[in-house]
Amino acid sequence: MPSLSLLAAAHPSCNARTWLSTPHPHLPIIATACSDKTVRIYSLQNFQQQSTISGGHKRSIRSCAWKPNSRGESVLATGSFDASAGIWRRWEEGSGRAGRPEMDYTNGLAGGDGDEGDDEDEWRFAVILDGHDSEIKSLSFSPIAPLLATCSRDKSVWIWEELEDDNFETVAVLQEHEGDVKCVAWHPSEQMLASGSYDDNIRMWKEDVDDWACCALLTGHEGTVWWVEFEDTNNIYALGSSETLNDEQRAYVDTRLKTGPRLMSCSDDMTIRVWRRVPKDKPEQQPNQLKAPSIWKNRAFEEEWVEDTRLPRAHEQPVFAVSWSRKTGKVVSAGSDGKIVVYEERWKSGADALATIGDGQIDRSAGLTEWVVVAETVNAHDVFEINHVVWAPRADRGKRVDEEEVVVSTGDDGEVKVWVVDT
Amino acid sequence: MEADKDNANPTILNPSDLPSRRRSAPTAKRVGIFEALAPANISPADPLAPPVASDSTLSDDEREEIDEQEVYDLISTISDPEHPLSLGSLGVVTLDDIAIIPPASPRSRISSVRVLITPTTSACSLTTVIGLGVKVRLLNALPPRFRVDVRIKEGTSRTADEVNKQLGDKERVAAAMENRSLVNVVNNMLATCA
């Protein structure tokens with residue numbers, strides 16, 4: 001079994017538990033949420049700490065998320081055990097002079113930060129989002145709309161819309177979960193949100209006419225759902241170019257493109273599961289339904305998601321994080337047992353695939369592929385638990401190929417480690 | 001006052017009947033050694049305090065065996081939040097209900113300690129707090145290679161599943177240890193530990 005090799009540990013490490021690290025949308029840096037109430041920004045080029053965000057939260061920072069598509073200025077959201085979320089801004093290198101007019105404008109709005117020059121390198125606290133009753137566990141920006149989702153031990157998911165810079169309005173408070181909401185993740189190309197909970201369930205949310213509501217309930221996990229993540233819209237191409245596929249495989253690819261990105265979840269029950277949307281019947285097949293518009297509308301809103309498959313069982317303790325590579329479709333997982341495991345989806349070999357098809361056409365959309373473990377490492381953070389793991393672009397001098405990725409793990413030992421996967 | 005308690009008249013065990021190794025070295029001294037190894041980030045005494053020691057120095061000590069009696073000694077002296085009595089003398093923790101589970105695979109260095117606690121009454125509303133006290137005590141006193149699994153003994157509490165899930169949730173435990181009033185309750189319980 002290939003192993004992951006340690007490329008570097010971010011320096012200096014935190015002397016308390018670190019919860020999560022997330023790569024910047026276009027700069028070679030990561031933000032690490034720490035239980036010492038700070039966020040540390042580390043370089044992925046030399047793995048040194050570049051800056052620190054502190055002073056905004058009264059308790060542990062549990063989670064942080066970069067605003068996508070920001071240019072010239074980086075925007076980070078932080079979620080804390082103090083029940084609030086913070087929005088922080090920082091001018092990006094090289095944008096200072098060019099962005100001067102915008103900066104003056106923003107400073108003016110912020111109530112006059114007259115000092116120029118020195119502050120350009122600093123993180124500026126922009127706004128605080130209050131509303132949750134208890135600890136914020138996770139937060140996420142939509143990649144396609146000016147929306148931020150936050151979730152909390154108070155069992156709710158909040159959706160905030162950024163109307164203009166730093167003016168966030170609550171557009172939904174979703175309260176159908178029966179326990180802490182541990183994680184939220186946006187669909188990559190639709191305005192749809194997934195959430196995982198202490199109630200062992202996953203829910204999907206989207207806007208129905210004017211109101212956000214739950215459009216799917218995914219049951220099956222037998223423990224807290226610690227993390228959910230959608231795959232990239234184009235992940236299907238990780239299985240190979242269309243020329244090399246046989247007819248069955250091509251049909252499978254068509255089905256998957258029709259159903260759209262799948263969702264992956266990991267849980268206290270030690271399993272990692274893949275969920276897929278069940279494609280709806282084409283509208284023209286149900287002309288009679290048009291006579292009952294209210295029912296029709298409801299049917300159009302609700303979605304059916306089913307468990308597609310499970311990843312091979314590789315963990316002996318709860319799994320706290322999974323990350324689905326947008327570049328390669330590979331998955332990495334980590335958790336309480338201190339292992340980091342990398343998986344890959346492959347076409348089943350001919351005989352297996354035929355057997356599955358022999359069962360009938362119903363399960364055709366599943367079963368043609370299989371997940372295999374392609375690399376793993378044990379005791380990745382000494383004897384400590386790993387709270388988070390994520391793919392990030394490789395940016396150090398040792399980078400071997402374009403679009404090479406590294407794995408970044410974040411642990412109870414306060415360490416952020418960067419790993420190279422050789423497969 | 002007494003009537004407000006969930007269990008005003010608990011059964012109390014005779015101290016001489018409690019399990020002990022009866023060695024000459026005082027327990028307090030051994031506990032001190034472990035406290036130096038505790039992950040500082042979960043310290044209930046002061047969650048904001050700087051860390052005491054890095055784990056990188058303990059590789060030699062790591063091999064030291066820890067047995068059930070030692071775990072019992074660490075938690076039996078915790079005070080009940082309702083009574084001026086120890087969890088050992090109330091029979092909330094017993095030697096028989098402590099298990100040390102070795103690493104799941106030869107490559108893993110992670111062991112588990114499982115403690116089953118017996119609430120003094122089946123409806124004890126303080127069960128979660130007692131469980132939290134036991135959990136925090138062990139997280140602080142045992143080397144970090146131990147995963148601490150504190151559960152309610154089956155059939156002793158109506159709310160066992162709920163309490164077990166809470167105690168098993170590291171995020172909830174971490175957040176609880178940043179809650180000043182809960183920290184004070186736990187610190188009072190642990191004040192009687194040597």
Side-chain angles (χ1 to χ4, degrees), chain A residues 1 3 13-20 34-37 57-60 62-63 80-83 134-138 152-153 179-180 182-183 198-200 223-224 226 268 270 314-318 320 335-339 376-385 387 411-415, chain B residues 37-43 46-59 61-63 66 101-114 139 142-149 161-180 182-183:
Chain A
M1 173 71 57
S3 183
S13 61
C14 182
N15 53 28
R17 168 184 286 144
T18 41
W19 281 112
L20 169 147
C34 307
S35 61
D36 68 358
K37 307 172 208 166
H57 287 293
K58 297 185 194 75
R59 294 191 186 174
S60 280
R62 171 66 183 90
S63 182
S80 167
F81 281 174
D82 71 9
S134 56
E135 302 95 74
I136 289 183
K137 308 286 195 180
S138 166
S152 161
R153 183 167 65 86
D180 317 14
K182 296 293 196 183
C183 52
Y198 187 79
D199 68 10
D200 304 353
T224 297
W226 284 108
D268 224 61
M270 298 181 258
H315 289 285
E316 293 134 16
Q317 299 271 346
F320 293 139
S336 171
D337 61 8
K339 282 163 97 171
E376 82 175 27
T377 192
V378 294
N379 306 316
H381 282 247
D382 193 31
V383 295
F384 291 88
E385 294 188 312
N387 293 316
D412 265 0
D413 53 356
E415 296 268 4
Chain B
L37 306 177
N41 48 326
I42 328 172
S43 167
D46 182 359
L48 314 180
V52 181
S54 158
D55 57 284
S56 57
T57 55
L58 59 76
S59 52
D61 304 27
E62 265 195 308
R63 293 292 143 225
I66 287 173
I101 300 147
S105 77
R107 292 183 303 165
S108 174
R109 291 188 282 126
I110 295 161
S111 304
S112 299
V113 173
R114 177 169 299 162
L139 286 174
L142 292 173
R145 69 188 161 94
F146 283 96
R147 299 288 179 265
V148 177
D149 184 12
D161 287 350
E162 198 184 311
V163 175
N164 290 343
K165 190 156 188 172
Q166 284 207 56
L167 293 174
D169 185 314
K170 73 180 293 185
E171 210 174 44
R172 281 190 167 218
V173 171
M177 288 301 96
E178 292 188 47
N179 177 320
R180 185 56 64 184
L182 259 177
V183 169

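Side chains included, hydrogens not; waters and symmetry mates left out as well; all remaining heavy atoms used. All values derive from a computational prediction rather than experimental measurement.
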Inset, instruction - Examine whether an atom of D36(A) lies under 4.5 Å from a heavy atom of chain B, and if so say whether it belongs to the side chain, the backbone or both; otherwise answer neither. - result: neither

Inset, instruction - Could you tell me the separation between the CD atom of E316(A) and the OG atom of S108(B), rounded to the nearest 0.5 Å? - result: 6.0 Å

Inset, instruction - Measure distances from Q317(A) to the heavy atoms of chain B and classify the residue's part below 4.5 Å as side chain, backbone, both or neither. - result: side chain

Legend entry - Criterion salt bridge (Lys or Arg N to Asp or Glu O under 4.0 Å) against K165(B), the qualifying member of D199(A), D180(A), D268(A), D200(A): D200(A)

Inset, instruction - For the pair D382(A) and R145(B), find out whether any cationic side-chain nitrogen is under 4.0 Å from an anionic carboxylate oxygen. - result: no

Inset, instruction - With a 4.5 Å cut-off on heavy-atom pairs, point out which of N379(A), V378(A), N387(A) contacts chain B the most. - result: N379(A)

Legend entry - R153(A) portion near chain B, given a 4.5 angstrom heavy-atom threshold: side chain

Inset, instruction - For D169(B) and Y198(A), indicate whether the former's side chain and the latter's backbone hold a donor-acceptor pair under 3.5 Å. - result: no

Inset, instruction - Examine whether an atom of S134(A) lies under 4.5 Å from a heavy atom of chain B, and if so say whether it belongs to the side chain, the backbone or both; otherwise answer neither. - result: neither

Inset, instruction - May I ask you to say whether K37(A) pairs ionically with E178(B), meaning some side-chain N is under 4.0 Å from a carboxylate O? - result: no

Legend entry - Audit row: E385(A), I110(B), side chain to side chain contact (heavy atoms under 4.5 Å, CB included) steps and yes/no: CA-CA 10 Å; E385(A) 294 188 312; I110(B) 295 161; over 6 Å; no

Inset, instruction - Below 4.5 Å from any heavy atom of chain A, which atoms of R147(B) appear? Answer side chain, backbone, both or neither. - result: side chain

Inset, instruction - Rounded to the nearest 0.5 Å, what's the gap from CE on M177(B) to CZ on R59(A)? Could you check? - result: 11.0 Å

Legend entry - Contact origin within Q166(B) toward chain A - heavy atom pairs under 4.5 Å: both

Legend entry - Between CD on residue E171(B) and CH2 on residue W19(A), distance to nearest 0.5 Å: 5.0 Å

